[in-house]
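Reading through the structure tokens given below for one structure.
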Amino acid sequence: MIIKAPKGTKDILPSEINDWYRIENIAKEIFKKANIKEIRTPIFEDTSLFERGVGDTTDIVNKEMYTFIKSDRSLTLRPENTAGTVRAYLEHNLYRESQPVKLWYKGPMFRYERPQAGRQRQFHQIGVEMFGVQDASIDAECIMIAVELLNKLGLKDLTVEINSLGCNTCRKEYKEVLKKTIAPFLSGLCQDCQSRFEKNPLRILDCKNEECNKLFEENNLRNKLTTINLCDECGTHYEKLKKYLNELNIKYVENPFLVRGLDYYTKTVFEIKSNNLGSQNAVCGGGRYDGLVETLGGSHTPAVGWAMGMERLNSLLDKISGEKIKFYVVSDNQLEAVKLTQKLREQGFGCEFDYNSRKFAKQLEKAAKTAEYAIILGEEEIKNNFYTVKNLNNSEQKKLSFDEVLTL
RNA sequence: GCGGGCAUCGCCAAGCGGUUAAGGCCUCGGAUUGUGGUUCCGAUAUACGUGGGUUCGAAUCCCACUGUCCGCCCCA
């Protein structure tokens, strides 16, 4: 019996690795221009980091974490990387550096969920976190960078959705209004919504349950509840963000029901959705989390960030075909072949040689699949100290010296 | 956690109760002894997810399990 990769995990094979590099390379360029620095944090963290950070009413923390105990310590495979980044920001006193601190990361995340299209148990995110700026201009920059990356990757049919969840004060009021308005219908709502009612009533508006939806529509609840009464500050912040996005020519749709399932979001939240994915259609999600640094033991520090699902991105992109190396040595003398290979590699060229002294026809066939040029090194060449070089794209063949080979 | 679909060689597949279980791709070898990508020939030496059952007989019918995919939920 062959052991298979665990459910919801995938091997990334050599034939697809270039697809990953493409995303990473384009992202790195963009991050560099924006002066965003890379950070790498552990793949597992103290369980309490996620309980406190992500929020213990969230699905992620409630039922999706890979948690294990090792010598009396409860550890958890990171389900997302904002909490870990904030932890590192605090642990290494990054708040004492000049602000804003702008960080990016990429790596595997783990959530115990039922796998389906665009959803795995181990998946990869690339993300950005920016600390220390209250002004909406950084929310705009954050979204701008995400959009730039998606555009550079050549993605089409994307929709940027935005919303504001308000800060703690206005949200508290809004929650009361929500609860008052929904209370009469509570018994008709689904179980999830019933438990959300106390813990996190904001999420009720997000419910996709048919009966809940019916109730909402019959009583026009959604429209009544759409407008969160943002306090002055939050209202201005949101208006400012929209103004920036308009000026930056970033098209967006306001989605008042965009309520994220992570507890730490405040004010701005956004998602970028693709129409070419299945039901898991968010390629990018993020928002502002002004309270998180404080929740995790720091002083009040505003922050914004987003994350993208790399395999979702990949599934939207054309596959890149494998690259060829420069040279392939065709020879019936393996010793000379490997020596030439060594010399060429030392000069910085990709080179392979044929391990079997088989017919040149076979070797050439392999060469054509592997390389741009075949270097034929037979008795005659060795005796007279030259190389027969064949361009495998156009079949041109020349007799060259070693130095001439280097100019190819 | 709840629904639904699917499981035939490395990949794509035909087959729908009695076949030596097609075919294509890929890989490997060969077509008079140093030249590929086209063509031709051949090979991959018991491939029907697993375990039960029905039947004279099952890849084809039934059951269970497992895997996978698609939805719900949630999210990236």
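Since we're looking at a predicted model, the values are computed, not measured. We use all heavy atoms of the structure for the numbers below, so side chains are in, but hydrogens, waters and symmetry mates are not.
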Examine the base of [N] for any acceptor or donor lying under 3.5 Å from a partner atom in the side chain of [X], and report the outcome as yes or no.
{"X": "Gln397(A)", "N": "U35(B)", "value": "yes"}
{"X": "Arg114(A)", "N": "C72(B)", "value": "no"}
{"X": "Glu64(A)", "N": "C74(B)", "value": "no"}

Between G57(B) and G42(B) - C1' atom distance, rounded Å: 35 Å
Touch class at under 4.0 angstrom, heavy-atom based, for Gly127(A) against every strand present: nothing
Touch class at under 4.0 angstrom, heavy-atom based, for Glu113(A) against every strand present: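 If one applies the 4.0 Å heavy-atom cut-off, Glu113(A) turns out to touch a base.
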Partner lookup for [N], please. Criteria are Watson-Crick or G-U wobble with both distances under 3.5 angstrom; report none if nothing qualifies.
{"N": "A7(B)", "value": "U66(B)"}
{"N": "A76(B)", "value": "none"}
{"N": "A47(B)", "value": "none"}
{"N": "C40(B)", "value": "G30(B)"}
{"N": "C56(B)", "value": "G18(B)"}

Lys390(A)/Glu396(A) ion pair, N-O < 4.0 Å: no
Out of G36(B), C69(B), A76(B), whichever nucleotide has its closest atom nearest the side chain of Leu262(A): A76(B)
